[in-house]
Protein chains: 2
Amino acid sequence: MLSKKTKYGIKALTFIARQPERNPVQTSEIAKSENISQKFLESILLILRKSGFLGSKKGKGGGYYLIKEPKDIKMTAIIRVLEGPIAMVPCVSLNYYEKCDDCPDEKTCSVHKLMIQVRDSTLNVLGDNTLADLT
Amino acid sequence: MLSKKTKYGIKALTFIARQPERNPVQTSEIAKSENISQKFLESILLILRKSGFLGSKKGKGGGYYLIKEPKDIKMTAIIRVLEGPIAMVPCVSLNYYEKCDDCPDEKTCSVHKLMIQVRDSTLNVLGDNTLADLT
DNA sequence: TAATAACCTACTAAATCGATAGGTTAATAG
DNA sequence: CTATTAACCTATCGATTTAGTAGGTTATTA
């Protein structure tokens with residue numbers, strides 16, 4: 001299941017990407033429009049800023065804005081930052097690999113074999129889609 | 001993330017499917033071989049029996065056995081029973097659909113659009129794979 | 001200097017996860 | 001008939017995660 005954090009993050013980024021001008025968008029505006037708790041959204045946008053997706057400006061007229069072009073922001077990148085690993089088990093994760101404490105041998109593990117396929121197909125979809133595709 | 005429940009369940013089913021004879025396999029044997037807490041595994045095999053994947057026999061020489069051929073057991077079916085929905089958001093789930101309380105319109109929701117693609121690609125992989133493929 | 005909006009820290013209620021504990025029931029062996 | 005075996009059932013539990021809330025501080029603008 002996708003966490004609300006990730007879901008809200010994607011919605012917020014889409015909202016910002018949809019803006020005709022490149023003017024900063026305020027958290028409050030996104031929160032109201034997308035039915036998200038403003039405080040919760042604040043923490044999410046902060047993460048996205050620290051991860052290099054967004055820039056910010058304080059004070060009146062401030063807000064968040066995209067740093068890169070929507071078409072250059074892959075969904076894999078967004079989801080990895082907000083949700084963590086895309087793989088369903090750590091032992092097939094490319095960016096968050098971890099060995100299973102059960103499972104003596106990954107090569108003979110049935111789950112491993114299956115989850116590599118799931119990972120790859122998911123990766124294909126999320127790698128092909130950019131923020132521009134969601135606009 | 002895949003829960004241990006599902007992971008263990010798949011491993012156990014694979015273990016049973018690998019048996020040369022169709023003799024019942026005991027929980028204790030699977031637990032030991034696959035490094036799974038026996039009590040936890042008991043509860044998982046019970047679910048799989050109640051869902052129609054396994055038959056059981058009590059007493060000495062008892063255990064669990066497959067009811068259908070491994071090649072006739074799709075991974076989608078197993079995962080739906082143990083893990084629940086395959087979709088990453090309830091609003092794109094085929095078997096566990098639920099409307100999002102935020103999101104007034106699914107048609108214009110960016111997350112919805114994306115997650116349908118993820119769902120379909122995952123469904124393809126899990127639908128193509130049967131227990132026989134994991135053996 | 002006041003208002004604004006991002007930024008930061010800490011806390012919390014509820015749910016879920018991965019078990020563990022301690023039994024009961026049904027089938028088999030002797 | 002009795003003991004053993006292994007599935008079956010019920011309850012509980014500590015740890016972690018989730019989705020927030022509360023209450024402030026800092027930087028920018030009018």
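Per chain, numbering begins at 1; letters A, B, ... match sequence-line order.
B:E83 meets the side chain to side chain donor-acceptor pair (under 3.5 Å) test with B:S3, B:T6; sequence neighbours excluded. Scanning for ring pair (Phe, Tyr, Trp, His ring centres under 6.0 Å) contacts around A:Y64 gives an empty result, with sequence neighbours left out.
Between the side chain of A:S33 and the main chain of A:I30, no donor-acceptor pair closer than 3.5 Å is present. The backbone N or O of B:G62 sits less than 3.5 Å from a side-chain atom of B:Q26, completing a donor-acceptor pair. Of the possible polar contacts, one joining the A:T130 side chain to the A:A132 backbone as a donor-acceptor pair under 3.5 Å is found.
Taking atom CE of residue A:M1 and atom C1' of nucleotide C:dA15, one finds them 15 Å apart after rounding to whole Å. Summarising the geometry, the separation between CG on A:L45 and P on C:dA6 is reported as 8 Å, rounded to the nearest angstrom. Atom pair A:L2:CG and D:dT17:P shows a separation of 17 Å (rounding to whole Å applied). In this structure, CG of A:L41 is placed 13 Å from C1' of D:dA19, rounded to the nearest angstrom. Going from atom CD1 of B:I47 over to atom P of C:dG18 covers 12 Å, rounded to whole Å. Nucleotide C:dG18 holds its P atom 11 Å from the CG atom of A:D101, rounded to whole Å. When rounded to the nearest whole Å, the span between NZ of A:K7 and C1' of D:dG20 equals 15 Å. Taking atom CZ of residue B:R49 and atom C1' of nucleotide D:dC9, one finds them 11 Å apart after rounding to whole Å.
Applying a 4.0 Å cut-off to non-hydrogen atoms, none of the residues of residues 81-100 of chain B approaches DNA chain D. DNA chain D lies under 4.0 Å from at least one heavy atom of each of the following residues of residues 29-40 of chain A: A:S37, A:K39, A:F40.
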Test side-chain contact (heavy atoms from CB on, under 4.5 Å) on B:V89 and B:H112; report intermediate values, then the result. CA-CA 8 Å; B:V89 278; B:H112 187 84; 5.8 Å; no
Check step by step if side-chain contact (heavy atoms from CB on, under 4.5 Å) holds for A:L41 and A:Q38. CA-CA 5 Å; A:L41 182 59; A:Q38 181 171 338; 5.6 Å; no
Evaluate the criterion side chain to side chain donor-acceptor pair (under 3.5 Å) for residue pair B:N124 and B:S121; output intermediate values, then yes/no. CA-CA 5 Å; B:N124 278 339; B:S121 79; over 6 Å; no
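Mapping B:V25 and A:E42 onto DNA chain D via the closest heavy atom, the residue that lands nearer the 5' end is B:V25.
Ion pair B:D128/B:K74 not flagged as a salt bridge, since none of the NZ, NE, NH1 or NH2 atoms sits closer than 4.0 Å to an Asp/Glu carboxylate oxygen. Taking 4.0 Å as the cut-off between side-chain N and carboxylate O, B:E29 and B:R18 do not count as a salt-bridged pair. Taking a cutoff of 4.0 Å between a charged side-chain nitrogen and a carboxylate oxygen, B:K7 and A:D102 qualify as a salt bridge.
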Readout for nucleotides 25-30 of chain D: B = base within 4.0 Å of protein heavy atom, S = sugar-phosphate only, - = neither; 5' to 3' it is -BSBS-
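Across every non-hydrogen atom of A:Q117 and B:N129, the tightest pair is OE1-ND2, 2.9 Å.
For the OP1/OP2 pair of C:dC7 and a distance below 4.0 Å, the side-chain nitrogens and oxygens of A:Y64 include at least one atom meeting the criterion. Here A:T27 reaches the OP1 or OP2 of C:dA6: one of its side-chain N or O atoms lies under 4.0 Å away. Residue A:S43 has no polar side-chain atom (N or O) positioned under 4.0 Å from OP1 or OP2 of D:dG20.
When B:I36, B:I44, B:L45 are each tested for a side chain to side chain contact (heavy atoms under 4.5 Å, CB included) with B:T27, only one passes: B:L45.
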Using atom names, set out every protein N or O paired with an N or O of nucleotides 11-13 of chain C below 3.5 Å, distance rounded to 0.1 Å.
none

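For B:Q26, whose side chain is taken as the heavy atoms from C-beta onward, the closest listed nucleotide among D:dA19, D:dC8, D:dA6 is D:dA6.
Side-chain contact check for A:K11 versus B:C109: some heavy-atom pair is nearer than 4.5 Å.
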